[in-house]
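Here is the structure we will look at.
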Number of protein chains: 2
Amino acid sequence: MLQLKDLPDSKILSKFAKRYPDADIERVIQFLTLLRVGSDLSSVLDNFLDSYGLLQGRWWVLILLMREQDLMSTPSSLAEKAGVSRATMTGLIDGLVKEALVIRVTGVDDRRKFHIKLTASGQSKLDEVMPEYYRRVGDLMSVLSNEQGGLLTSMLTKLQNNSGVFK
Amino acid sequence: MLQLKDLPDSKILSKFAKRYPDADIERVIQFLTLLRVGSDLSSVLDNFLDSYGLLQGRWWVLILLMREQDLMSTPSSLAEKAGVSRATMTGLIDGLVKEALVIRVTGVDDRRKFHIKLTASGQSKLDEVMPEYYRRVGDLMSVLSNEQGGLLTSMLTKLQNNSGVFK
DNA sequence: GCATTATAGTTAGCCGCCTAACTAATTGTC
DNA sequence: GACAATTAGTTAGGCGGCTAACTATAATGC
């Protein structure tokens with residue numbers, strides 16, 4: 001995604017302000033900062049996962065499987081929970097199967113379905129990645145107090161609930 | 001990007017907490033919420049721009065050009081300011097040229113360079129999009145008070161400055 | 001002043017995501 | 001019980017990013 005590296009200076013802002021007088025510059029900066037930081041942190045996470053041979057999509061599938069009692073789920077359900085299309089999930093699972101981190105088990109009850117199951121290797125991979133992931137998330141977020149962190153989440157949730165104004 | 005639709009419930013969390021006792025769940029939820037809201041708002045912005053026949057990348061190029069005194073810049077400079085590769089910028093400019101929103105002007109001083117210039121159509125397109133964009137950003141952010149908005153930005157900036165811990 | 005190095009831009013090919021169209025299996029309806 | 005509608009998963013093709021390799025021009029250094 002676009003990195004939005006370059007927020008405008010005051011001279012540029014006044015040019016825009018003249019042409020578009022209704023703009024509330026403070027709000028725009030807040031909005032762009034949110035997009036930029038979200039995007040930057042996402043790519044930082046990608047880099048981290050890449051050093052374990054994973055990417056966000058595949059990693060998230062492993063986590064979703066670990067959440068299940070029997071370590072199994074179906075492609076459709078995984079797609080919905082991960083927020084990607086079924087077609088994309090097919091690709092993610094293909095990759096994970098190739099690396100033997102999950103297996104496809106043909107369904108007995110409904111032969112349209114597969115069950116995707118986390119393998120021992122898949123669990124090992126998570127056991128390798130997750131402690132380090134949690135440690136780093138902890139480090140990252142430690143610049144905010146617990147109270148600030150809670151406030152951040154509540155503000156973000158408010159914004160998300162209000163995102164309909166853009167549609 | 002991954003939508004992370006599904007944050008875990010307490011039963012699942014306790015399973016993860018047992019296996020990965022060092023995890024600070026609150027912080028993880030804050031982190032994931034930030035990624036998710038950033039990603040959601042970005043796709044909401046994409047949808048908005050799409051209704052004007054634009055996408056984030058191309059729209060951002062137009063804005064960067066409008067910032068310039070003479071409405072001109074070079075592909076390299078645009079790429080750097082937009083935070084994309086030069087190769088990507090070539091594609092963005094190709095698209096904008098095709099729609100006559102910008103033109104390529106061959107450089108006289110340095111014949112390796114092009115100058116990319118915003119056309120009258122390009123300016124019109126911005127004049128069409130930007131007021132509505134500003135209005136909606138204002139609406140979106142209005143759920144936060146001015147004070148909260150400032151706090152949000154300062155927290156996000158802190159996190160961004162601390163993102164090195166993940167590398 | 002010629003060879004080396006650096007810079008600007010494009011092209012080629014990869015990746016992850018998407019939608020639309022397709023196959024196979026199940027469910028529902030008369 | 002046959003046929004229509006629905007559902008699960010895959011495949012095909014498109015799009016916007018990326019890196020690496022390439023061409024053309026400019027700058028540097030002996």
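All chains are named by letter (A, B, ...) in the order of the sequence lines, taking the proteins before the strands, and each is independently numbered beginning at 1.
In the hydrophobic clustering of this structure, V44(A) groups with M155(B); members are Ile, Leu, Val, Met, Phe, Trp, Tyr whose side-chain heavy atoms approach within less than 4.5 Å, directly or through other members.
Picking from dG16(D), dG16(C), dG9(D) the nucleotide with the shortest atom distance to the side chain of R58(B) gives dG16(D). Of the listed nucleotides (dT19(D), dG9(C), dC18(C)), dC18(C) has the atom at the smallest distance from the side chain of V84(A). In the set dT11(D), dC17(C), dT26(C), the nucleotide with an atom closest to the side chain of L92(A) is dC17(C).
Proximity of a side-chain donor or acceptor of T33(A) to a complementary backbone N or O of T153(B) within less than 3.5 Å is not detected. The backbone N or O of M66(A) lies less than 3.5 Å from a partner atom in the side chain of K15(B), making a donor-acceptor pair. Checking side-chain atoms of Q148(A) against main-chain N and O of S145(A) turns up a donor-acceptor pair under 3.5 Å. Judged by distance alone, the side chain of N162(B) and the main-chain N or O of D139(A) form a donor-acceptor pair under 3.5 Å.
Distances shown here put a side-chain N or O of S85(A) below 4.0 Å from the OP1 or OP2 atom of dC18(C). Between dG9(C) and T90(B), no contact under 4.0 Å exists linking OP1 or OP2 to a side-chain N or O.
The separation between W59(A) atom CH2 and dG16(C) atom C1' is 17 Å, rounded to whole Å. Rounded to whole Å, atom C1' of dC18(C) lies 16 Å from atom CD of Q56(B). Rounded to whole Å, the distance from CG on L78(B) to C1' on dT10(C) is 16 Å. Between the C1' atom of dG16(D) and the CG atom of L54(B) lies a distance of 15 Å, rounded to the nearest Å. In this structure, I116(A) atom CD1 and dG9(D) atom P are separated by 8 Å, rounded to whole Å. Rounded to a whole Å, the CG atom of D50(B) is 13 Å from the P atom of dC15(D). Distance, L49(A) CG to dC15(C) C1': 16 Å, rounded to whole Å. A straight line from CE of M89(A) to P of dG9(D) spans 11 Å, rounded to a whole angstrom.
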Quiz item: What one-letter contact string describes nucleotides 2-8 of chain D from 5' to 3', where B marks a base within less than 4.0 Å of any protein heavy atom, S marks contact via sugar-phosphate atoms alone, and - marks no contact?
Solution: -----BS
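Connectivity analysis of hydrophobic side chains (ILVMFWY, heavy atoms under 4.5 Å, direct or indirect) links V105(B) to I103(B).
Shown here are the ring-ring contact (aromatic ring centres under 6.0 Å, His included) partners of F48(A), two or more places apart in sequence or in another chain: Y52(A), F166(B).
If you find the closest nucleotide of DNA chain C to R111(A) and to A87(A), the one lying nearer the 5' end belongs to A87(A).
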